[in-house]
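Remarks on the structure that follows.
For the numbers below, each heavy atom of this structure counts, side chains included, while hydrogens, waters and symmetry mates do not.
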Amino acid sequence: MPQELPRRRWSGVFSFAAWFRTRRVKRQAKRIAAEIFPELWENSCRKLNLASGSTAALSSYAHVRAAQLSQVRVDELVRTTEISAETANVLIVSAAEAATRMVIKAAGAARRTVA
């Protein structure tokens, strides 16, 4: 029984560290998504007809293009800081998902103003 007390104490420290890392990655992903949004929006408008196009096609295109755009930002971040490859991959995926959500939301607003 006494052996389990230190584990619980350390598990709390480790869970806090994991929470902090996750929070930092989410914050960086939102920052990257905000940086790539204008270019992603312009590319999406040019590639797809947003007024009559399907949301699935927009989502698919925006997700792929957002991953491409976020890859460049994450590569710069990897060069300047010491983050692991696993963290970089999570950051790319999280930033691409956030940017895709931003584009879909903006497309919905654009459709409502056109209609």
Side-chain angles (χ1 to χ4, degrees):
M1 192 82 169
Q3 292 177 348
E4 292 188 30
L5 291 176
R7 275 193 214 154
R8 288 184 182 161
R9 194 172 344 142
W10 280 109
S11 68
V13 171
F14 289 133
S15 65
F16 176 75
W19 173 83
F20 185 75
R21 278 192 307 270
T22 302
R23 182 91 169 133
R24 191 174 72 193
V25 166
K26 286 182 181 180
R27 189 176 59 238
Q28 287 175 334
K30 286 182 182 179
R31 195 172 294 145
I32 291 171
E35 286 177 16
I36 67 174
F37 172 73
E39 186 176 354
L40 181 61
W41 176 247
E42 184 179 321
N43 291 341
S44 299
C45 289
R46 194 177 311 135
K47 180 78 173 176
L48 302 168
N49 183 6
L50 297 180
S52 63
S54 72
T55 305
L58 173 64
S59 176
S60 176
Y61 173 76
H63 192 70
V64 170
R65 185 66 182 135
Q68 293 170 349
L69 294 172
S70 64
Q71 175 73 46
V72 175
R73 304 304 196 286
V74 172
D75 283 345
E76 292 171 7
L77 189 63
V78 167
R79 276 193 291 269
T80 58
T81 62
E82 295 289 325
I83 64 171
S84 67
E86 179 185 1
T87 304
N89 286 337
V90 169
L91 192 54
I92 291 169
V93 171
S94 299
E97 289 173 351
T100 301
R101 284 192 301 269
M102 291 169 72
V103 166
I104 290 172
K105 186 176 180 178
R111 287 179 183 149
R112 283 190 293 275
T113 58
V114 169

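Under a 3.5 Å cut-off, the side chain of Thr22 and the backbone N or O of Ala18 do form a donor-acceptor pair. In terms of modelled atom types and a separation under 3.5 Å, the side chain of Ser59 and the main chain of Thr55 share no donor-acceptor contact. In this structure, the side chain of Ser70 engages the main chain of Ala67 through a donor-acceptor pair within 3.5 Å.
In this structure, Ile104 CD1 and His63 NE2 are separated by 10.0 Å, a value rounded to the nearest 0.5 Å. Here the straight-line distance linking atom CZ of Arg24 with atom CG of Leu91 works out to 10.0 Å at 0.5 Å rounding. Residue Gln71 holds its CD atom at 11.0 Å from CD1 of Ile36, rounded to the nearest 0.5 Å. Atom NZ in Lys30 sits 15.0 Å away from atom CD in Glu35 (nearest 0.5 Å). Residue Lys105 holds its NZ atom at 9.0 Å from CE of Met102, rounded to the nearest 0.5 Å. To the nearest 0.5 Å, atoms CG (Asp75) and OG1 (Thr80) are separated by 10.5 Å.
Residues Trp41 and Val103 share a closest heavy-atom pair of CZ3-O, 3.7 Å.
The hydrophobic clustering, which links ILVMFWY residues whose side-chain heavy atoms are closer than 4.5 Å, places Val93 and Leu40 apart.
With contacts defined as side-chain heavy-atom distances shorter than 4.5 Å, the pair Arg46/Asn43 qualifies. Leu77 places none of its side-chain heavy atoms less than 4.5 Å from the side chain of Arg73.
Remark: the Arg31 side chain and the Gln28 side chain contain no N/O donor-acceptor pair separated by less than 3.5 Å.
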